[in-house]
Each structure stands twice: as structure tokens, then as C-alpha cells.
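Note that ligands are numbered from 1 as they come in the structure, with each ligand's atoms numbered from 1 the same way. FYI, side chains are in, hydrogens and waters are out, and symmetry mates aren't considered; it's all heavy atoms of this structure. Note that this is a predicted model, so its numbers are computed, not measured.
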Amino acid sequence: MDFLRRIGVKIRSAAQHFMMGRYGTDKLNMAILSVGLLVSVATWFVFLPVLDMILTALSYGLMLWAIFRALSRNTYKRYLENRRYLRFLERLKDKEHKHFACPRCHQPVRVPRGKGKIAITCPKCKEKFIRKT
Ligand SMILES: [Zn+2]
């Protein structure tokens, strides 16, 4: 039994060594994997060969993308992707505000919903633009 435990420790330390400096997983990766899994489940109910092929390729693609992200050494870029994804989720949940990007500097601006047409002043560059809320 001691032999098995020693092998276990070795495998774990090898895995740790392999993941050193690599990004690992995050919420975006979990989402990519879930969608990939959903798509591959969806292929069970698809009987059109072309569609089945496309969905299978898509699910493999998504899973490969998640693996690529987890093993990536460019952790900063992966971190930014995850942050963008989290911000996107937040906006989906936010029913009280509407989000616009400033037409001049692309600064994201958040305004209350349901106020009709309003003039918005960009907090960064002071550009004024009119949007329906
Ligand atoms: Zn601006």
C-alpha cells in the first residue's frame, strides 16, 4: 500500500510541476466546458448528418479551447479574458441599467434604464451623445 501511495505522490508532484506557470481553470473555462458538453449532448438528438458533424466539431473545438486556456502560459491574457467574461455576465444580470460605449473613447458608460432619450456625458472624455434607455 505504501508503494501505491508513493506513486500517488509522484503523480501529483509531476502534475503540479506540469501546471507550474500555466493558467489553470477559471469561470470562463468552466462555461466553455459546459457549453461544449451541452453541444455534444445535443448531437444525440440530431439526425441530420451535416448538422451532427458541425455540432461535433464545435463541441471538440470548445473543449480544446478550454484545454488550451488551462495549459496556457500567457496567464495575463487569460486573466483578461476571464475578467471580460465576468463583466459580460454582470451586464446580463443588471436589469436596472443600460450600458453604452462612448463613441469617441469607447469608455463603458452605465445609465439607468427606462428614462427615454437622454444625453449622456462620457465621464472620461466629456463627449456628449444621445441614447434611448
Ligand atoms: Zn469618452
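No single ILVMFWY cluster, assembled from side-chain heavy atoms under 4.5 Å apart, contains both Ile67 and Leu33. Transitive grouping of hydrophobic side chains (ILVMFWY, heavy atoms separated by less than 4.5 Å) keeps Leu89 and Leu80 in distinct clusters. If you chain together hydrophobic residues whose side chains sit under 4.5 Å apart, Val39 and Met63 never meet in one group. Linking Ile, Leu, Val, Met, Phe, Trp and Tyr residues whenever their side-chain heavy atoms come within less than 4.5 Å places Leu28 and Val35 in a single cluster.
Met30 CE: 12 or fewer foreign heavy atoms inside a 6.0 Å radius.
Residue pairs meeting the salt bridge (charged side-chain N to carboxylate O under 4.0 Å, His left out) criterion with at least one member in residues 18-32, sequence neighbours excluded, are Asp26-Arg69.
Taking a cut-off of 2.8 Å, the protein N, O or S atoms nearer than that to the Zn ion (ligand 1) are Cys102 SG, Cys105 SG, Cys122 SG, Cys125 SG.
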